[in-house]
Protein chains: 2
Amino acid sequence: MPPAPTAPRKRTRNARDEILDAAQRVAARDGGARLTLDAVAREIGMTKGGVLYNFPTKTGLLKGMLERMVETFGRIVEERVAASGPEVENPTLKAALEAYASLERLDPDLFTAILAAAVNDPDLLAPVRELKSRLQARVMAEAADPALAMIVMVAIDGLHFERMMRLPPQDAKLRAEIATRLVALVDAMEGAR
Amino acid sequence: MPPAPTAPRKRTRNARDEILDAAQRVAARDGGARLTLDAVAREIGMTKGGVLYNFPTKTGLLKGMLERMVETFGRIVEERVAASGPEVENPTLKAALEAYASLERLDPDLFTAILAAAVNDPDLLAPVRELKSRLQARVMAEAADPALAMIVMVAIDGLHFERMMRLPPQDAKLRAEIATRLVALVDAMEGAR
DNA sequence: GTATAAAAACTGACCAGTCGGTACATAAAA
DNA sequence: TTTTATGTACCGACTGGTCAGTTTTTATAC
């Protein structure tokens with residue numbers, strides 16, 4: 001093989017984030033099943049050892065991916081809540097509805113990869129559980145009709161899940177209409193109180 | 001001597017169903033990750049060879065499990081629809097709401113096992129897609145407010161998904177209340193037309 | 001500035017376990 | 001005897017993880 005010339009070694013910015021980005025790309029491009037340590041390493045011209053140096057185990061890598069996603073999602077929600085004035089009703093629920101839209105940009109295979117890993121290690125979803133618990137508590141506390149608010153929450157979850165699994169309804173127009181109607185449902189909830 | 005074509009084509013002892021039962025037990029008891037061909041075979045005192053004779057591949061086995069579940073679910077829905085009189089509105093949606101309750105009895109690990117397998121083979125979920133498509137079309141056709149009917153559908157899906165993944169809301173009482181309110185939502189939809 | 005030591009980051013080869021699948025023998029039915 | 005059904009043994013590909021060493025970076029001394 002040709003002698004690998006001392007490559008213009010990329011400045012070691014943040015190996016952790018680079019690896020997480022690479023893992024995300026691999027999962028989205030090749031599917032969750034092919035998200036192996038070798039594949040991730042190859043994606044950024046590193047070796048498996050290098051990846052494992054940054055993440056002690058593959059589960060750790062998945063955990064890192066998920067935590068970053070959860071953190072991003074949570075931050076978006078908080079930003080939206082903060083952006084809405086103090087007079088707005090159901091701020092968390094509305095913010096969550098908006099934040100979910102941002103998930104639509106992510107590739108479904110990204111989630112299936114994590115889901116698959118969660119089968120081996122149920123604790124992997126702990127950050128998600130924690131975030132959802134927090135949001136749920138706030139949404140219910142803010143709502144005049146907590147049960148109805150929860151219906152909206154589980155509905156948007158269902159919509160998201162169906163996208164992940166590529167299950168119906170997949171028609172973009174119908175999905176958009178459902179999302180719109182969910183917002184309307186929240187508004188109606190407020191009007192009727 | 002030509003093989004006398006005896007009428008009953010059923011296998012003498014339905015090994016297929018026994019294997020499917022065993023696979024279901026293994027998945028529920030040991031988790032999706034440990035649902036291996038050997039484990040299934042061991043469960044009924046058979047060997048991997050025997051299992052592979054009945055199901056050409058592991059994917060085939062999973063497919064068999066899923067098809068049986070889908071079929072059961074679909075049958076329950078049809079029974080409920082048939083049981084409701086012709087004057088009942090939204091019969092399919094109501095029947096689906098009831099049928100989902102029957103899924104609560106199944107172990108979450110059963111679904112995660114299938115979900116995990118679906119990562120490797122997305123086509124595995126084809127029967128589910130097909131069933132959901134059929135139901136969706138009927139539900140929307142029957143509904144005075146199709147979008148609202150779909151909200152109910154995706155909400156119940158979300159509730160089910162959250163149970164599978166052991167995500168909030170897990171509190172049985174809250175879940176029951178949400179389910180009840182979903183039924184109320186359907187009734188309200190009819191009242192307002 | 002340069003030399004040097006130490007720590008950090010990473011490589012490459014290898015190991016070990018798992019698991020789906022195959023090949024063939026074989027026992028019971030038909 | 002042929003077909004159906006199952007046991008036994010094994011293969012081989014994959015993949016996560018280990019480890020000893022090598023390169024790169026950083027800190028420190030001169």
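Each chain gets a letter, A, B and so on, in the order the sequences are listed, and its residues count up from 1.
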Open item on the list: Does G45(B) reach a base, just sugar-phosphate, or nothing at all? Heavy atoms under 4.0 Å.
Closed with: sugar-phosphate
- [ ] Measure the distance from OH on Y53(B) to P on dT3(D) and round it to the nearest whole Å.
- [x] 12 Å
Open item on the list: I'd like to know whether D107(A) forms a salt bridge (charged side-chain N to carboxylate O under 4.0 Å, His left out) with R25(A), so could you lay out the CA-CA distance, the side-chain angles of the two residues, the decisive distance to 0.1 Å, and finally the verdict.
Closed with: CA-CA 9 Å; D107(A) 194 285; R25(A) 281 199 302 275; over 6 Å; no
- [ ] Write out all pairs satisfying ring pair (Phe, Tyr, Trp, His ring centres under 6.0 Å) with one or both partners inside residues 144-175 of chain A, taking only residues at least two apart or from two chains.
- [x] Y100(A)-H160(A), F111(A)-H160(A), F161(A)-F161(B)
Task: Closest listed nucleotide, where the reference is the side chain of T47(A) and the choices are dT6(D), dC10(C), dT11(C) - done: dT11(C)
TODO: Could you list the residues that satisfy salt bridge (Lys or Arg N to Asp or Glu O under 4.0 Å) with R42(A), not counting sequence neighbours?
DONE: none
Task: Pairs touching residues 120-130 of chain B that satisfy salt bridge (charged side-chain N to carboxylate O under 4.0 Å, His left out), sequence neighbours left out - done: E130(B)-R134(B)
TODO: Estimate the overall bend of the helix from dG1(C)-dC30(D) to dA30(C)-dT1(D) from the end axes over five pairs each, rounded to 10 degrees.
DONE: 10°
Open item on the list: Looking at K94(A), I want to see if its NZ is surrounded by more than 12 non-hydrogen atoms of other residues, nucleotides or ligands under 6.0 Å.
Closed with: yes
Task: Separation of dC10(C) C1' from I44(A) CD1 (nearest whole Å) - done: 11 Å
- [ ] Would you confirm whether R175(A), through its side chain, and L159(A), through its main-chain N or O, come within 3.5 Å as a donor-acceptor pair?
- [x] yes
- [ ] Would you please name every residue forming a salt bridge (Lys or Arg N to Asp or Glu O under 4.0 Å) with E162(B), sequence neighbours left out?
- [x] K132(A)
Open item on the list: One character per nucleotide, please: for nucleotides 18-24 of chain C, 5' to 3', B when the base has a protein heavy atom closer than 4.0 Å, S when only the sugar-phosphate does, - otherwise.
Closed with: -SBBB--
- [ ] Send over the distance from R42(B) CZ to dG7(D) C1', rounded to a whole Å.
- [x] 15 Å
Open item on the list: Between E43(A) and R34(A) (salt bridge meaning N to carboxylate O under 4.0 Å), is one present in this structure?
Closed with: no
Task: Side-chain N or O of N54(B) closer than 4.0 Å to phosphate OP1/OP2 of dT6(D) - done: yes
TODO: Take atom CG of D17(A) and atom P of dA9(C), then tell me their distance rounded to the nearest Å.
DONE: 14 Å
Task: Separation of dT26(C) P from M46(B) CE (nearest whole Å) - done: 20 Å
- [ ] Quickly work out the F55(A) CZ to dC10(C) C1' distance and round it to whole Å.
- [x] 15 Å
TODO: Identify the heavy atoms of V77(B) and A95(B) that sit nearest to each other, and give their distance.
DONE: O-CB, 3.5 Å
